[in-house]
Amino acid sequence: MKSAATNNTTSSTRKWLVRYPRAVSVGIFLLVAAITAMSVFAVERGEQDNERIEMISLSETIASSLALNIATNTSYLRAGAALFGSNETISRQTFGRFIDELRVNAGYSGAEGIGWAPMIRPAQLPEFEEALVQSNAATTSVYPRLDERSRDRLVPIKYLQPNTARNRRAIGFDMYSEPVRREAIQEATRRVEPTASGRVVLVQEGGGDEPGFLTYMPVFANNNYRDVKGYVYSPFNARDFLRASLETEELQRDGMGIYLYDTSVAEENLLARIAPQTETGEYYTREIEIANHPFVLVVESTRGSALSYLSLLTLFFGLAVASLLMLVARLMTKQAMEDEKTLNWLHEQNSIRNSLTRELNHRVKNTLANVLSIIALTRRRADNLDEFADSLDGRIRALSATHDLLTQSDWNTTPVEAVVDAELAPYAQTSENMIDRSGPDVELAPNDALSLGMALHELATNAAKYGALSKQTGRVRITWELIEEGLARLDWVETGGPPVSDTRERGFGTDLIEKIVAHELRNPVDLVFDPTGVRCSLLVPVRNRGAFQLRAERARKGEGRLKGKTPQT
């Protein structure tokens with residue numbers, strides 16, 4: 001049972017391979033390719049998820065580091081606000097001792113330092129500038145000047161430590177004159193806690209364009225929230241602030257890009273940027289709050305849209321397997337087709353053999369019937385045994401000559417010209433000029449060629465004994481032509497021979513032509529014994545060549561397959 005089921009499965013598979021040779025191999029390739037594509041998609045999805053997790057983790061770590069650094073700065077600002085709020089005046093010495101106690105050095109937490117900016121009215125401006133002169137500040141006047149911009153209060157920078165060349169550029173700058181700083185100052189006053197500003201360019205840049213921001217903490221006199229003495233603040237270069245935060249955590253970025261924006265992601269809001277190893281355009285965005293001001297932290301992936309190494313390996317392996325399976329399927333298909341061709345060839349050969357056997361039986365029967373008819377008619381007309389033997393020998397030889405022609409053409413169609421040449425060959429060899437033949441190329445079916453050959457043999461034999469071929473002056477003219485579709489006419493005309501007697505007896509040849517040949521050709525024969533020479537017109541059917549061509553084609557195919565491949569038995 002198992003063997004039968006296996007054979008049925010194998011047979012069904014072979015049928016599919018033979019019926020759909022290309023579809024099977026292409027289908028296998030597409031199936032494996034689809035599985036490969038799904039695998040690559042799954043791998044890429046996993047890689048993207050891992051990358052996103054890394055980006056989220058990195059953004060959280062950076063946000064925590066930024067918040068930690070700002071928390072350190074705001075704690076200093078709160079301490080300064082508490083100290084300065086309890087002192088009636090804030091002198092240079094008082095501010096210096098505060099900075100020394102904090103042990104603040106340049107670049108801590110990415111800040112430029114800590115500064116003091118009192119809030120004054122326009123009427124107090126001369127007194128403030130005089131104090132700048134007495135403190136030996138690099139700048140002795142507030143800028144921008146009051147007459148350049150109408151305002152009711154000023155927040156000029158008085159002290160800024162550490163005392164560096166960069167920081168000295170900021171002394172005397174009225175921060176209340178600039179809208180972004182003014183908004184942050186007002187927000188800090190409202191909140192009564194450290195507040196960061198938006199994107200600005202620090203005065204310390206001295207004409208440069210690197211962005212930064214500031215953090216402000218209001219200082220109130222005697223804890224009276226309506227009496228603002230000034231502001232303790234810290235300026236930040238945004239790039240240094242971001243780098244300091246990364247160095248603090250010793251972050252491993254793996255080539256990822258990091259961007260810090262003010263409020264929202266826009267080119268004009270960009271504060272700092274650490275370029276990625278490769279720009280991919282794949283981002284993770286996180287909103288953070290630094291000192292009560294919104295910022296946006298963006299992390300750029302290094303992967304982008306390119307396939308990972310694992311995906312490429314999966315893709316190449318899958319395509320290789322798909323190609324190999326397609327090749328195997330093609331080989332199996334080719335083998336199955338060869339087996340199918342062999343089986344068809346064997347079936348066709350068997351059919352051809354059966355057809356040829358039936359054809360041979362039919363032709364042998366016809367030939368034997370013709371021979372029996374010839375023997376019977378010859379016996380009636382013969383006076384002795386020798387005459388019977390000679391007549392029978394000639395007629396059998398004529399039949400044999402026509403059979404040779406048919407054998408040479410594989411019993412396919414035979415030209416009229418070949419039949420004429422075969423039957424008149426003995427007379428043409430002895431006297432070439434006695435026979436004249438002409439006509440177009442007309443092909444006859446095998447049975448019709450046999451009948452025509454017998455008729456020509458009898459006419460030639462009679463002409464050699466009694467007619468034109470018996471004298472040197474005699475001539476025989478044989479012409480044929482197609483008179484209509486499917487019918488040809490052959491004319492035999494003798495001239496120059498002995499006169500034909502009107503009282504001659506009817507012989508075997510006459511009976512053979514007018515009865516047997518006419519019956520085989522299915523058309524009447526016009527045989528005239530004219531005194532000037534015998535004349536005969538035969539109507540020969542020209543049958544459709546399709547049947548004979550089919551048989552010949554079968555034979556050629558069989559021979560070709562025998563030469564190309566010998567089936568194993």
Side-chain angles (χ1 to χ4, degrees), residues 1-32 322-371 399-415 418-419 443-451 520 541-569:
M1 294 293 292
K2 289 185 178 179
S3 178
T6 302
N7 291 336
N8 290 336
T9 303
T10 304
S11 176
S12 177
T13 303
R14 290 193 176 216
K15 287 181 179 179
W16 275 90
L17 291 173
V18 172
R19 187 176 300 175
Y20 309 106
R22 293 183 179 274
V24 171
S25 57
V26 173
I28 292 176
F29 178 84
L30 292 178
L31 177 62
V32 178
S323 301
L324 180 61
L325 290 177
M326 184 175 69
L327 178 61
V328 171
R330 289 292 295 167
L331 293 176
M332 292 178 61
T333 301
K334 185 176 181 181
Q335 183 61 43
M337 293 179 70
E338 289 293 332
D339 294 344
E340 186 73 13
K341 287 181 180 178
T342 301
L343 291 175
N344 291 337
W345 180 83
L346 292 174
H347 289 312
E348 188 174 354
Q349 289 302 304
N350 187 47
S351 176
I352 291 174
R353 280 194 296 270
N354 293 336
S355 298
L356 291 178
T357 300
R358 291 193 297 270
E359 184 73 18
L360 180 62
N361 290 335
H362 175 69
R363 295 192 185 284
V364 168
K365 289 180 181 179
N366 286 344
T367 302
L368 290 177
N370 288 334
V371 171
L399 190 63
S400 175
T402 308
H403 268 271
D404 287 340
L405 285 178
L406 298 177
T407 302
Q408 292 173 9
S409 65
D410 293 330
W411 284 82
N412 197 15
T413 56
T414 304
V419 177
E443 301 282 339
L444 300 180
N447 288 337
D448 298 331
L450 281 173
S451 300
E520 291 293 331
V542 180
R543 304 184 190 180
N544 190 339
R545 299 176 60 183
F548 307 110
Q549 288 177 338
L550 179 61
R551 184 187 309 157
E553 185 66 23
R554 280 182 177 177
R556 283 196 296 272
K557 286 183 179 178
E559 292 175 1
R561 290 197 180 96
L562 280 173
K563 292 178 181 178
K565 180 178 179 180
T566 302
Q568 300 296 324
T569 59

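Note that this is a predicted model, so its numbers are computed, not measured.
Applying side chain to side chain contact (heavy atoms under 4.5 Å, CB included) to Pro541 and the options Asp448, Asn447, Leu444 leaves one that passes, Asp448.
When all heavy atoms are compared, the tightest approach of Glu443 to Val542 is O-CG1, 3.6 Å. The shortest non-hydrogen separation linking Thr414 to Ala449 is CB-CB, 4.3 Å.
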